[in-house]
Amino acid sequence: MAVDLLLGLQWGDEGKGKIVDVLTANYDIIARFQGGPNAGHTLEFDGIKHVLRTIPSGIFHKKSINVIGNGVVIDPVVFVQELEGLDQFNIDYKSKLIISRKAHIILPTHRLLDAASEASKGKAKIGSTLKGIGPTYMDKTGRNGIRIGDLELDNWQEKYRNLANKHEAMISFYNVDVQYNLQEMEAEFFAAVKKLKQLQFIDSEEYLNQALKDGKTILAEGAQGSLLDIDFGTYPFVTSSNTTASGACTGLGVAPNKINEVYGIFKAYTTRVGSGPFPTELFNETGAEMAKIGREFGAVTGRPRRCGWLDLVALKYACQVNGVTQLMMMKGDVLSGFDKLNVCTAYNYKGETITHLPYNIEPENITPIYTSLPCWSADLTKMTNASEFPKELNDYIDFLEKELEIPIKIVSVGPDRTQTIHR
Ligand code: IMP
C-alpha cells in the first residue's frame, strides 16, 4: 500500500480542503505534513461552511484517522479554538485525531516575533499571516524549538521560560512598536496546552509506516502552495516550510518509494494573497470581477486576494518539482461569461522568450506572453457530469492537458462537496 499526496500548485488557496474532503472516503488516514494555522482549508457540505487550520480535512468522515505530522507547527491556542468549533459535530477527537510528538509548538512570543519582524521590514514585508510560522520554523532549524513530545516531560515549562525570555529580548532588538501583554497571552496558552494534552501524542512516523505495512491507505494533505515553498517558491515572499512533494517525506517520515499518486490542484486562474511577484496579475476590471465572483478573500486573514490569468509557465514548474501525476482544476465556474481567457504560455524575460520560471520574476524583468482562448458562457455550477461541459470549457481543458502533459481528472464547479466532476 502507498501514500498519495495532494498539493496546491500555485500560491495556496487552490481548494485543497474541498478535494481532500471529497477524496477522504478512499483513504484510511489523512495526514497533514507541513505548515500550521496560516492555512485555512475550506469545506462545504450540507449547507455549512467549515474552515480548518491545523486539523486535517478528513475529520468530518467517520472512518478516517487524522494525523498531524512532525512537519506541522501547532499553536495550542488556535488548535483548541478549532476543536471547539467542531464540538457541535460530535467528533471523537481522542480516537480520530493524533499528533506527532515531533511537531513543533508555536509559542505566544513566536507570534509577537512575526509581528515585530514584519513591522521592521516596512514596504518589503512578506505579508505574513502573522501566526508565528516563520519564527517557529526558525527555532526548529536553529535547534531551539519546543516539541509536542516535550509537553510530556516534567521540565518543559523551564524550557519554555528560557525560550520566551530570549524571544522578548529579540522583540526589543527589532525596535518597533509591538504592544502586548505576555501574561494574558501565556494564561491563554497554558490553558490551551492543558486541553491539547488530552489528545493522543504518538511517534507518527512509526504509526504511519506500520499502517502501510498493514495495508492501510494514506492521503498526505499539503497546505499553502508550491510557489510558497521555502526552497522553490518566490523567495523571500514564501512561507517557511517545504510545501512541495518532498515535504511530505520529511514531514511524515515516509520514504519517497512509498509515494504513489501526486494530485496537483490548481485554480482555472491564479490568485495570491500577501506580497511578492505575480507575473499574470490583473489590475483591471477583469481581475476585480474574478475576485468578486470567486469570493477571493483569505480564509484566515480575510485579506482580498490578488487575481490574474492562469500562468502555465509557473504551473509547469510546480508540476515538475512535485512529480504531479493527476491534475484537479478548481473554480472553472468563476470564469463563465468572461469575454475571452488568456493563458500565459511563455515570458518575455529581459527581451528573450523563455518557457521556464527564472530566478528573478520581479515585474521589471518579466512580461507574460499570452495565448487567448474563447470562454464559455454557460453556468457550470449545476452540472453533474463532464458530458454537459460546453465546448469552450473542453477546449480549455484540452489545451491545458496538452501543455502540461498531465490529465485533468477532476473539475470543480462550485464550493460544495457535490459540485465535483470526475473525468
Ligand atoms: P506565513 O506563512 O504566515 O508567514 O506567510 C508567508 C506568505 O505565505 C504570505 O504571503 C502569506 O499570505 C502566504 N500564505 C501563508 N499561508 C497561506 C495559505 O494558506 N494560503 C495562501 N497564502 C498563504
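Just so it is clear, the structure is predicted and the values come from calculations on it, not from any experiment. Every number for a ligand or one of its atoms is a count from 1 in the order of the listing.
Taking distance alone, with nitrogen or oxygen atoms compared against 3.5 Å, Ile133 stays at or beyond that limit from ligand 1. Not a single N or O atom of Lys131, backbone or side chain, sits closer than 3.5 Å to an N or O atom of ligand 1. Some N or O of Thr239 is nearer than 3.5 Å to an N or O of ligand 1, by distance alone. Between Ser128 and ligand 1, at least one pair of N/O atoms sits closer than 3.5 Å. For the pair Thr129 and ligand 1, the shortest N or O to N or O distance falls below 3.5 Å. At under 3.5 Å, not a single nitrogen or oxygen of Asp114, backbone or side chain, sits near a nitrogen or oxygen of ligand 1.
Judged by distance alone, the side chain of Glu405 and the main-chain N or O of Lys402 form no donor-acceptor pair under 3.5 Å. A distance-only check finds a donor-acceptor pair linking the side chain of Asn70 to the backbone of Thr250 [under 3.5 Å]. Here the side chain of Thr239 pairs no donor or acceptor atom with the backbone of Gln224 at under 3.5 angstrom. Side-chain N or O atoms of Asp28 include one that pairs as donor or acceptor with a backbone N or O of Thr217 at under 3.5 Å.
Atoms of ligand 1 found under 4.0 Å from any heavy atom of Val238, numbered from 1 in the order shown, are 6 (C), 7 (C). Near Leu228, meaning under 4.0 Å from any of its heavy atoms, are these atoms of ligand 1: 8 (O), 13 (C), 14 (N), 22 (N), 23 (C). Within ligand 1, counting atoms from 1 as listed, the ones closer than 4.0 Å to a heavy atom of Trp11 are 21 (C), 22 (N). Under a 4.0 Å criterion applied to the non-hydrogen atoms of Val273, ligand 1 contributes the atoms 10 (O), 12 (O), 21 (C), 22 (N).
Distances from ligand 1 to the non-hydrogen atoms of Arg303 include at least one value under 4.0 Å. Close to ligand 1: Ala39, with a non-hydrogen atom less than 4.0 angstrom away.
With Ser412 as the fixed residue, the side chain to side chain donor-acceptor pair (under 3.5 Å) test singles out one of Lys18, Glu14, Gln419, Lys331: Lys18. Each of Val262, Ile265, Leu315 was compared with Val324 under the side-chain contact (heavy atoms from CB on, under 4.5 Å) criterion, and only Val262 meets it.
Of all protein heavy atoms, the one lying nearest to atom 21 (C) of ligand 1 is Asp13 OD2, 3.1 Å. Of all protein heavy atoms, the one closest to atom 11 (C) of ligand 1 is Gly127 O, 3.5 Å. The nearest protein atom to atom 17 (C) of ligand 1, hydrogens excluded, is given as Gln224 CG, 3.5 Å; this is a heavy-atom distance.
Between Lys292 and Glu285 there is no salt bridge, since none of the side-chain N atoms of the basic residue sits less than 4.0 Å from a carboxylate O of the acidic one. Ion pairing between a basic and an acidic side chain is recognised when a charged N comes within 4.0 Å of a carboxylate O; Lys316 and Glu403 show such pairing. Electrostatic pairing of Glu84 and Lys195 counts as a salt bridge here, judged by a charged N lying under 4.0 Å from a carboxylate O.
Stacking of Arg306 on the aromatic ring of Phe278 is not recorded, the 6.0 Å distance cut-off and the 45° axial limit not both being met.
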